[in-house]
Amino acid sequence: MSLRIDLHCHSTASDGTLTPAELVTAGAAAGLDVMAITDHDTTGGWAAAAATLPAGMRLVRGAELSCRWHGVRPAISLHLLAYLFDPDDPALTAAMLELRDDREQRAERIVDLLRADGVPITWDEVYGYAAGGSVGRPHIAQALIRAGLVGSTDEAFASAWLGARYFVPKSDLDVFDGVAAVRAAGGVTVFAHPRATKRGRVVPDELIAELADAGLFGLEADHEDHSPAEREQIRALAGRLGLVVTGSSDFHGTHKTVRLGAFQTAPEVYEKIVATATGVPVLG
Ligand code: AMP
Ligand code: ZN
Ligand code: FE
Ligand code: FE
């Protein structure tokens with residue numbers, strides 16, 4: 001029987017709604033054999049997930065780094081999945097700390113903009129929803145839902161709200177610095193949802209080729225934000241560049257509708273990631 005592998009999942013350490021312990025338990029219940037915890041800009045969920053790992057489940061410890069490509073104006077933001085890196089690497093920890101600080105300042109600015117227009121939410125409320133984890137727009141969405149202004153997280157991301165009118169960019173990590181920092185910490189990088197146009201502008205293939213030269217390991221092809229045609233384009237590009245392709249749910253609990261294991265990664269790709277990384281081992 002082939003392993004069921006989901007390499008992109010969020011917990012309450014960032015903007016997921018299950019705690020790390022609940023996440024790995026839900027993964028086992030969903031029939032997964034391998035799952036990665038990839039919270040935004042933090043390893044804060046690693047210990048709790050490891051401590052509650054169900055029998056038979058293998059845990060790939062990772063993170064999703066907020067990055068930016070400065071090759072065009074304005075710069076394009078993108079997400080880099082980082083796997084099995086040393087969580088104590090000084091440069092990478094400092095970079096993630098800066099990213100989390102920036103997330104807080106940016107969310108506070110968004111809340112200020114909303115309040116200036118009379119929206120009855122507060123920074124305390126939003127900060128409370130984040131509960132010590134990396135703050136993200138889904139936490140602001142939660143406040144907008146509570147205030148009765150939108151009916152869902154998806155609606156809160158529409159252009160009338162967090163998608164454009166009340167959008168404030170994060171500063172983010174230069175994507176080449178991100179790839180280099182993860183590699184220096186013994187980790188492996190995979191470009192998350194590289195063709196997700198619904199999230200904004202996407203980068204050209206030329207950049208992905210440059211990232212491959214800089215040590216990028218893979219591209220996430222099977223993701224709910226990609227059409228079947230986009231998934232095929234990514235597979236073809238990965239083939240040309242010698243990159244692996246992954247598939248993952250990008251599970252966020254009730255902040256999204258996608259289920260754990262909805263998209264999966266091939267066992268041989270998982271084995272390649274594990275064989276290449278030197279930061280920390282897979283657990284379980
Ligand atoms: P942020 O990281 O603060 O910029 O917020 C973006 C995060 O919100 C991403 O991790 C998305 O996965 C999540 N998210 C949840 N629902 C949506 C949506 N409808 N559109 C875009 N992002 C969403
Ligand atoms: Zn997220
Ligand atoms: Fe992402
Ligand atoms: Fe994600």
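The model shown is predicted, which means the values in this text are computed figures rather than measured ones. Atoms within a ligand are numbered from 1 in the order they appear, just like the ligands themselves. The figures that follow rest on heavy atoms only: side chains count, while hydrogens, waters and symmetry mates do not.
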Query raised in the report: Between D250 and R199, is the closest basic N to carboxylate O distance under 4.0 Å?
Result: yes
Query raised in the report: Quick check, are the ring centers of H255 and H10 under 6.0 angstrom apart?
Result: no
Query raised in the report: Ignoring water, what protein N, O or S atoms are under 2.8 Å from the Zn ion (ligand 2)?
Result: D15 OD1, D15 OD2, H40 NE2, H252 NE2
**Report entry** Any donor-acceptor pair under 3.5 Å from D6 side chain to S248 backbone
**Finding:** no
Report task. Assign the ring pair H223 / H8 to parallel, tilted or perpendicular, where the plane angle (0 to 90°) is split at 30° and 60°. Result -> tilted
Query raised in the report: What is the number of protein N/O/S atoms located under 2.8 Å from the Fe ion (ligand 4)?
Result: 4
Report task. Go through the side-chain N and O atoms of S66 and R103 and say whether any donor and acceptor fall under 3.5 Å apart. Result -> yes
Query raised in the report: Is it true that R165 and D117 make a salt bridge, defined as a side-chain N closer than 4.0 Å to a carboxylate O?
Result: yes
Report summary line: Contacts satisfying salt bridge (Lys or Arg N to Asp or Glu O under 4.0 Å) that involve residues 172-185 (not counting sequence neighbours) are R68-D172, K170-D172
Query raised in the report: Between R195 and D205, does at least one N-O distance fall below 4.0 Å, as a salt bridge requires?
Result: yes
**Report entry** Pairing residues for F251 by the ring pair (Phe, Tyr, Trp, His ring centres under 6.0 Å) criterion, not counting sequence neighbours
**Finding:** none
